[in-house]
Amino acid sequence: MFTIFPTIVEGPLRESLLGKAIEAGIIDVRVHDIRDFATDRHRQVDDEPYGGGPGMVLKPEPVFAAVESLGEGTKRVIVLSPAGRRLDQALVRDLAKEPRLVLISGRYEGVDERVVEGLPAEEVSIGDYVLSGGEIPALVVLEAVTRLIPGVVGKEESLERESFEDGHLDHPHYTRPSEFRGMAVPDVLLSGNHAEVERWRREAAEEKTRRNRPDLLER
Ligand code: SAM
């Protein structure tokens with residue numbers, strides 16, 4: 001991961017699923033400060049946009065130097081950008097096959113376009129909205145991909161059933177108590193009849209998908 005704000009990603013990399021996967025050596029995540037690759041006296045990483053206008057642009061030289069410091073070898077380079085291809089579970093599955101991913105976080109108006117052209121790199125967006133930096137989007141990509149690495153998520157089954165895996169959203173989940181503030185857990189889930197539970201889950205997933213994401217059913 002390359003960023004000019006490494007501390008933003010440090011906390012999430014220590015916690016929960018990502019933290020455990022790193023600690024267990026299942027994935028190896030390295031965070032580099034792009035500023036360490038600036039060569040001028042002021043360690044400048046941004047400059048004004050050609051053509052004028054507001055904001056600053058991340059300069060190409062430190063970003064190229066940063067990625068080239070990784071040396072030769074197979075790697076897929078991604079620049080996080082709202083103007084990129086939108087991330088979905090299909091892209092996550094594809095990225096999970098890569099031995100090495102390089103995630104470049106932009107700031108300000110983004111990175112100089114020659115980073116995309118010249119490295120080369122692909123642009124990936126986490127959704128149709130604009131954040132202030134690529135660090136959280138980079139963590140989103142990393143966490144989604146990490147879930148698919150064998151050994152990271154406890155029971156493989158819980159992955160198969162997740163939203164988007166079969167073109168549906170996940171079914172609703174319930175835990176104890178069986179009644180809470182007048183709301184009861186559907187009887188079938190307490191019945192112990194596995195076939196009925198399975199049928200209820202399929203139908204409930206279908207219903208939820210129709211309600212929240214009808215576009216998934218149309219595809
Ligand atoms: N000028 C850019 C545009 O309108 O497309 C917005 C730049 S944004 C303020 C700064 C940085 O945040 C981007 O370079 C990118 O790395 C990151 N970013 C913001 N929204 C994002 C999104 N939806 N997906 C991925 N990265 C995003």
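Ligands are counted one by one from 1 in listed order, and the atoms in each one are counted from 1 as well.
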Name every donor-acceptor pair, under 3.5 Å, that has one atom in a side chain of residues 58-74 and the other anywhere in the protein, sequence neighbours excluded.
| residue | atom | partner | partner atom | Å |
| --- | --- | --- | --- | --- |
| Ser69 | OG | Ala66 | O | 2.6 |

CA sep, side-chain torsions, deciding dist, call: Phe164, Asp88, side chain to side chain contact (heavy atoms under 4.5 Å, CB included): CA-CA 9 Å; Phe164 313 113; Asp88 58 15; over 6 Å; no

With His173 via ring pair (Phe, Tyr, Trp, His ring centres under 6.0 Å) - residues at least two apart: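 For His173, the residues satisfying ring pair (Phe, Tyr, Trp, His ring centres under 6.0 Å) (neighbours in sequence not counted) are His171.
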
His168: partners by ring pair (Phe, Tyr, Trp, His ring centres under 6.0 Å), with sequence neighbours left out: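 Residues passing ring pair (Phe, Tyr, Trp, His ring centres under 6.0 Å) with His168: none at all.
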
Gln44 side-chain N/O to Asp46 backbone N/O, donor-acceptor pair under 3.5 Å: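 Yes, the answer is positive, given that a donor and an acceptor are paired below the 3.5 Å cut-off.
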
Show me a pair-per-line table, with atom names and distances to 0.1 Å, of protein N or O atoms that are under 3.5 Å from an N or O of ligand 1.
| residue | atom | partner | partner atom | Å |
| --- | --- | --- | --- | --- |
| ligand 1 | 1 (N) | Glu109 | O | 3.1 |
| ligand 1 | 1 (N) | Glu109 | OE1 | 3.3 |
| ligand 1 | 12 (O) | Gly133 | N | 3.3 |
| ligand 1 | 16 (O) | Leu80 | O | 2.6 |
| ligand 1 | 16 (O) | Gly106 | N | 2.9 |
| ligand 1 | 20 (N) | Leu131 | N | 2.9 |
| ligand 1 | 23 (N) | Gly127 | O | 3.0 |
| ligand 1 | 23 (N) | Tyr129 | O | 2.8 |
| ligand 1 | 24 (N) | Ile126 | N | 3.0 |
| ligand 1 | 26 (N) | Ser81 | N | 3.3 |

Heavy-atom side-chain proximity of Leu13 to Leu139 below 4.5 angstrom: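 Side-chain contact under 4.5 Å: yes.
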
